[in-house]
Amino acid sequence: MKLEQIKNQTAFFSLTKKEQEFIKNISSELGLTFQETRQLVDIALDVDMWDEGTIEKLWPSDPNVRLSSRARKEYFLSEIQKKYVELKSSLKDYSSFNPGEVVQGNVNFVPAPAGSKILGLCPVAGEKTRCCNLLTMDVVLGCAFDCSYCTIQSYYHDNAIMVERNLKEKLFALKLDPNEIYHIGTGQSSDSLLWGNRDGILEKLFEFATENANVILELKTKSDNVEEFLNLSPPRNVIATWTLNTPTVIKNEERLTSSLNERINAARKVADNGTLVGFHFHPMVWYRGWEEEYEKVAGLVMENFDPKEVAMVSFGTLTYIKPVIRKLRKRRIKSKSLQMPFEDAHGKLSYPKDIKISLFKKAYQNFSSWHGRVFFYLCMEAIDIWNPVFGFEFQDNDEFERMMKLKYMEKIKGLSS
C-alpha cells in the first residue's frame, strides 16, 4: 500500500528506472514511512535537476558500528538530509552546469474560453507584501519561452496558447472612471511582445490606450520582437518594459528567451521611437558571481539609456508555492532554480530575508546615479525589506500605488512636451 501511495502521490515516475529501484530497495530495507520515502523522491529529483549527481552517489556509507534498525534508519536519513541542505544553502555554481539543448516546440493557438474576463487584480496582490495594486490584462494565456522557474507552464498545458478573440469588444466594454489613473499590465500570463501583432493584439491595445489617456498600459517582455510594435506607433501612455538578468541566468534558466544584448538593443529601438521603457531585475538569483554580473548589467543599462527615457527599475526574486515546486520537479529538466535555501515568505517559499536584502541593496547601489531620477521599487516583497534596501518605505499599498502612477505620468508627460 505504501509503494502504491508513493507512485500515485509523488513524482516517483519522473525518476529513472535505476533511481526508482534504489529508492524502493532503501525504503524496504530501512522500513521507511510514506513521508520519509517521499522525501527521498524529492531529494533524488532535485539533485539530478541541479546537475549535482544522483541520490545513490550522495547516499552515505554504511556506519562501521552495530546500530539498531531504528538508529540505522535515523543515521542514513540524517546524513542524506545534511548533504541535501548543504547543496541548497550554499551559493550555487553554474560554472560546470549543463542545462542541455532546448528545442523550440510547436505551439497550438486556440481561442480563450468563452466568457473569460480580461481584466483583474494581479494574482499575487495583497496586504502581506508591499504591492502596487497592478491590474492585469489577460490578452494571451501561455508562453513559448521556457524559463525554468516560471509558473505559467504550471497552469497552461499541451503547448496551448490561448488568445482572446473578442479583444476589442471586451476592451471597449470596460467601465473605467475618467477621473482615475489605471496601471494595467499584460505580461502576467504571457510575454507581452513575443507574439507581435498576431490577431491584431497590439493594434487593439494601442487603440484602447489612445482612447483612454488615463490608462498606463505596460507591456512586459523578455523578447526582442519589437518590429510590429514600432510600426504601429504606440501612444505615449504605453510603456514597454524588459525583464533583465545576467548572461549566466539567461543561458541556464531563461531558456529560449532573447539574450541580454538583444533585449537591451530592442529596448533602445523602442526608446528611440519615443516610448518610455523600464527594466525589471526579476528574479534576481543568488549564485557564485552574482554581485559582479548584476553590476555589469546595471552598467549596461545606464550606458545605453538616459533616465528621462526610463519609467522604472524594479527588483524581485524567486518565490514559490508548494504545488508549483511539485510541478517543476515533475518536468525533470536540468535547472538550479530550486537549488536555494527556502524560508517561509507569508505562506510562500523564498530566500531568507538577509539574502534578499543583500541582493536588492547591491542592485540599488549599482544604480546610484539614477536615484531620484527613476522610480525604483520591490515587486512582491515583504514590507520590512524596503527600508534596509532603499532607506524609505511606503505606509501602505495605496500610497505605493499612488506614487508609482504619479511618477509614471510625470515621465509620460515629459516625453510629450
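Each residue takes its place number in the sequence, starting with 1. What you see is a predicted model; the values in this text were computed from it and never measured.
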With distance as the sole criterion, is a donor-acceptor pair present between the side chains of H346 and T129 under 3.5 Å? no
Do S189 and D138 have side-chain N/O donor and acceptor atoms under 3.5 Å apart? yes
Exercise. Taking 4.0 angstrom as the limit, do D51 and K336 come out as a salt bridge?
Worked result: no
- Angle class for the Y364/H371 ring planes (parallel below 30°, perpendicular above 60°, tilted otherwise)? parallel
Between Y287 and Q339, is there a side-chain donor-acceptor contact under 3.5 Å, judged purely by atom types and distance? no
* Asked: Quick one: are the ring centres of F360 and F390 less than 6.0 Å apart?
  -> no
From the list E292, E291, E293, E295, salt bridge (charged side-chain N to carboxylate O under 4.0 Å, His left out) partner of K362 resolves to E295
Check your understanding: Would you call the rings of Y320 and F342 parallel, tilted or perpendicular if under 30° counts as parallel and over 60° as perpendicular?
Key -> perpendicular
Q) Judged by modelled atom types alone, do W195 and S223 share a side-chain donor-acceptor pair under 3.5 Å? A) no
Donor + acceptor pair across side chains of N212, Y182 (<3.5 Å): no
> Can T243 and H282 be counted as having a side-chain donor-acceptor contact under 3.5 angstrom?
Replying inline: no
Between S27 and T37, a side-chain donor and acceptor under 3.5 Å:
yes
* Asked: Are S148 and E253 linked by a side-chain donor-acceptor pair shorter than 3.5 Å?
  -> yes
Show me the donor-acceptor pairs, under 3.5 Å and distance only, between side chains in residues 203-211 and residues at least two apart or in other chains.
from : atom 1 : to   : atom 2 : distance (Å)
K204 : NZ     : D199 : O      : 3.1
E207 : OE2    : K168 : NZ     : 3.3
T210 : OG1    : F206 : O      : 2.8

Do S95 and D93 have side-chain N/O donor and acceptor atoms under 3.5 Å apart?
yes
Practice task
May I ask you to check whether W59 and F76 place their ring centres under 6.0 Å from each other?
Solution key: yes
Donor on one side chain, acceptor on other, E218 and Y408, under 3.5 Å: no
With a 4.0 Å cut-off, would you call R326 and D42 a salt bridge?
-> no
Taking atom types as modelled and ignoring hydrogens, do the side chains of N197 and E228 form a donor-acceptor contact shorter than 3.5 angstrom?
-> no
Decide if the gap between the ring center of W370 and the ring center of F376 is smaller than 6.0 angstrom. no
